[in-house]
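Remember, it's 1-based here, ligands and their atoms both numbered in the order they're listed. Bear in mind the structure is a predicted one, so any value in this text is a computation, not a measurement.
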Amino acid sequence: MNVLDFAERKKSAEKISMVTCYDYWSARILNQSDVDTLLVGDSLAMVVHGYTSTVHATVAMMATHTAAVRRGAEDKFIVADMPFLSMRKGLLPAMEAASNLMQAGANCLKIEGAAGHLDIVAHMVESGVPVMGHLGLTPQSVEAFGGHKVQGRGSQAAAELTDAARSLQQAGVFALVLECVPAELATVLSQELSIPTIGIGAGAGTDGQVLVLQDLLGMDPEFKPRFLRHYAQGYSVVHEAVNTFHEDVCAQRFPCAQESYT
Ligand code: KIV
């Protein structure tokens with residue numbers, strides 16, 4: 001998959017799949033999978049580093065994880081998130097952040113929001129950096145939203161979101177993530193826009209879907225928002241494997257002769 005394939009997939013009505021990936025070992029597995037594209041999301045601040053929001057992701061953190069993912073997934077199209085406020089400190093710092101992430105191995109950058117940085121988005125696109133937009137519940141603005149709340153509900157909010165999506169398309173983004181917006185709005189937007197939309201908590205009418213890998217693997221059985229489907233019982237698999245190892249060590253069943261050097 002390359003950046004041009006996104007438009008082709010929209011034209012042929014073939015859905016696009018994207019999952020987050022933050023490290024080398026999972027990148028190696030995903031590189032061998034059928035998934036279309038990997039997202040080094042700033043959600044890594046929460047999932048990997050244990051922070052309470054994505055506000056804690058930095059450019060250095062994003063570059064380190066992007067490079068690790070690239071080493072593990074040579075063949076995949078990699079999207080990297082521009083982290084919190086990296087677009088809001090002026091053109092030069094934004095372009096420096098962009099060059100760090102692209103040099104770390106990203107194929108494109110994902111940028112949350114539209115108002116106030118459309119000119120920088122357009123400059124990046126003109127400079128040869130493919131940009132993916134992200135609207136709706138943009139987690140970097142969680143404090144401004146007063147929590148993780150569905151966005152675009154009601155005619156005024158829907159109209160604002162629609163305007164923002166049109167402006168991003170105008171600025172040159174090649175695809176747009178829609179997070180936690182009513183399914184009807186996401187469907188209408190996906191039909192109107194010429195660029196593909198990739199939804200998370202945005203219903204079935206978008207041109208693709210994205211999930212956080214650890215969420216879809218069920219690594220936290222208690223995290224089950226409405227939009228999430230657990231495709232595995234990852235927590236139980238890891239928990240049981242580690243407990244079995246522990247029991248084998250205590251009972252002196254591990255290692256056996258075949259697992260020891262002569
Ligand atoms: O950082 C992330 O994981 C994301 C997805 C939720 C779209 O931006």
Query raised in the report: How about E259: does its CD atom have over 12 heavy atoms from other parts shown lying under 6.0 Å from it?
Result: yes
Requested in this report: Evaluate the ring planes of Y51 and H56, with Trp represented by its six-membered ring, and classify them as parallel (under 30°), tilted (30 to 60°) or perpendicular (over 60°).
Outcome: parallel
Query - Residues in the immediate environment of ligand 1 (any heavy atom closer than 4.0 angstrom) - result: T20, L39, G41, D42, S43, D81, K110, H134, E179, I200, V212
Query raised in the report: Hey, does the side chain of R28 reach the backbone of G72 with a donor-acceptor pair shorter than 3.5 angstrom?
Result: no
Query raised in the report: Side chains of V79 and N107: does their closest heavy-atom pair fall under 4.5 Å?
Result: no
Query raised in the report: Per the side chain to side chain contact (heavy atoms under 4.5 Å, CB included) rule, which among M124, H134, M132 passes with I111?
Result: M124
Query - Sidechain N-carboxylate O distance under 4.0 Å for K224, D215 - result: no
